[in-house]
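Below, read A as the first sequence line, B as the second, and so on, with proteins coming before strands; counting in each chain starts at 1. Small disclaimer: the values here were computed from a predicted structure and weren't measured.
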There are 2 protein chains.
Amino acid sequence: MITFTSQSYIMGVTKRFIFPESINQIASFAKVFAHPARVAILKYISEQEGCICNDLVDEIGLSQATISQHLAVIGDTGLLKGTFEGKKKYYCLNIERFQEVQLLLNSFFNKTTSNCC
Amino acid sequence: MITFTSQSYIMGVTKRFIFPESINQIASFAKVFAHPARVAILKYISEQEGCICNDLVDEIGLSQATISQHLAVIGDTGLLKGTFEGKKKYYCLNIERFQEVQLLLNSFFNKTTSNCC
DNA sequence: TCGTAATATTGCAATATTACGATAATATAT
DNA sequence: ATATATTATCGTAATATTGCAATATTACGA
């Protein structure tokens with residue numbers, strides 16, 4: 001049980017704890033797709049036969065550090081598989097996970113539209 | 001045409017202009033669902049028969065100002081219809097728009113999974 | 001007209017996110 | 001061993017987002 005006093009109150013932070021986990025989950029998944037770089041990364045990875053690594057930097061035009069950061073955000077949700085091959089790391093979609101996420105979002109969308117006035 | 005010099009470069013801002021519009025659109029739509037308060041608002045609105053207005057404040061437990069802000073974010077994407085009835089404003093899903101958005105996201109999801117290695 | 005209820009807007013505080021350069025870490029090739 | 005290529009991490013700068021109090025706005029009712 002978390003409470004605030006007028007002293008300890010912290011502004012500017014998403015109050016996740018007031019929402020049920022099912023709702024927080026949907027928001028977390030959506031956040032992965034809420035930045036164009038991450039959408040572009042997922043699109044590009046899925047389009048390559050052998051999957052790709054650091055061509056994303058050339059392809060997208062953001063710095064290596066930034067791309068790596070975005071890859072980590074996507075990966076934290078379990079949506080990527082990465083295998084090292086020498087110096088190179090080949091990224092690949094975790095399709096099972098991706099479809100899980102898609103299903104969850106769709107289930108929310110469908111419930112929402114079907115219940116509406 | 002936007003260019004940067006090493007002087008004028010601005011950090012910390014999403015570089016939308018380097019991405020095709022189709023990708024920016026997906027990211028914009030996803031952003032609506034990327035906060036639990038907005039997910040909860042959409043869920044609640046869809047569950048009420050007559051649609052609802054400021055019960056969201058009681059229901060969700062964020063301040064009136066904050067709820068109003070989130071409603072504006074959702075509304076900016078065209079996902080809400082609001083009709084005034086006296087002092088009260090009844091919110092309702094714009095289902096056509098909602099399904100449009102759902103379709104677009106799904107089309108991205110499907111393309112992504114189907115092409116992957 | 002005045003008070004009340006409902007919503008929107010403004011201003012502010014604080015954290016979160018985005019982006020990059022520099023550096024570290026790892027593996028290969030010479 | 002050294003140099004090079006590749007990716008991850010750290011530190012930092014700057015904007016974006018979240019949340020609330022206070023205020024404005026609008027509509028109704030007495």
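- Counting any heavy atom pair closer than 4.0 Å across all strands shown, A/T66 reaches a base atom.
- Nearest to the side-chain atoms of B/K88 among the listed nucleotides D/dT18, C/dA6, D/dA22 stands C/dA6.
- Atom CG of A/N54 and atom P of C/dT26 are 18 Å apart (whole Å).
- Closest to the side chain of B/H35, out of D/dT18, D/dC20, C/dG21, is D/dT18.
- Atom pair B/K89:NZ and D/dC28:C1' shows a separation of 18 Å (rounding to whole Å applied).
- Computed from coordinates, the B/Y90 OH to D/dA27 P distance equals 16 Å when rounded to whole Å.
- In this structure, B/T14 reaches the sugar-phosphate backbone alone: every heavy-atom distance under 4.0 Å involves primed, P, OP1 or OP2 atoms, never a base.
- With rounding to whole Å, A/K15 atom NZ is found 17 Å from C/dA16 atom C1'.
- In terms of position on DNA chain C, the residue among A/F84 and A/L62 whose nearest nucleotide sits closer to the 5' end is A/L62.
- Atom-to-atom, CG of B/D76 to C1' of C/dT9 comes out at 14 Å; the value is rounded to the nearest Å.
- Stretches of at least 3 consecutive Watson-Crick or G-U wobble pairs, with each checked distance under 3.5 Å, appear in DNA chain D as C:1-30 with D:1-30.
- Counting any heavy atom pair closer than 4.0 Å across all strands shown, A/R38 reaches sugar-phosphate atoms only and no base atom.
- When the C1' atom of D/dG19 is taken as reference, atom CD1 of B/I60 falls 14 Å away, rounded to whole Å.
- Take the nearest nucleotide of DNA chain C for A/R16 and for A/A65: the residue whose nucleotide is more 5' is A/R16.
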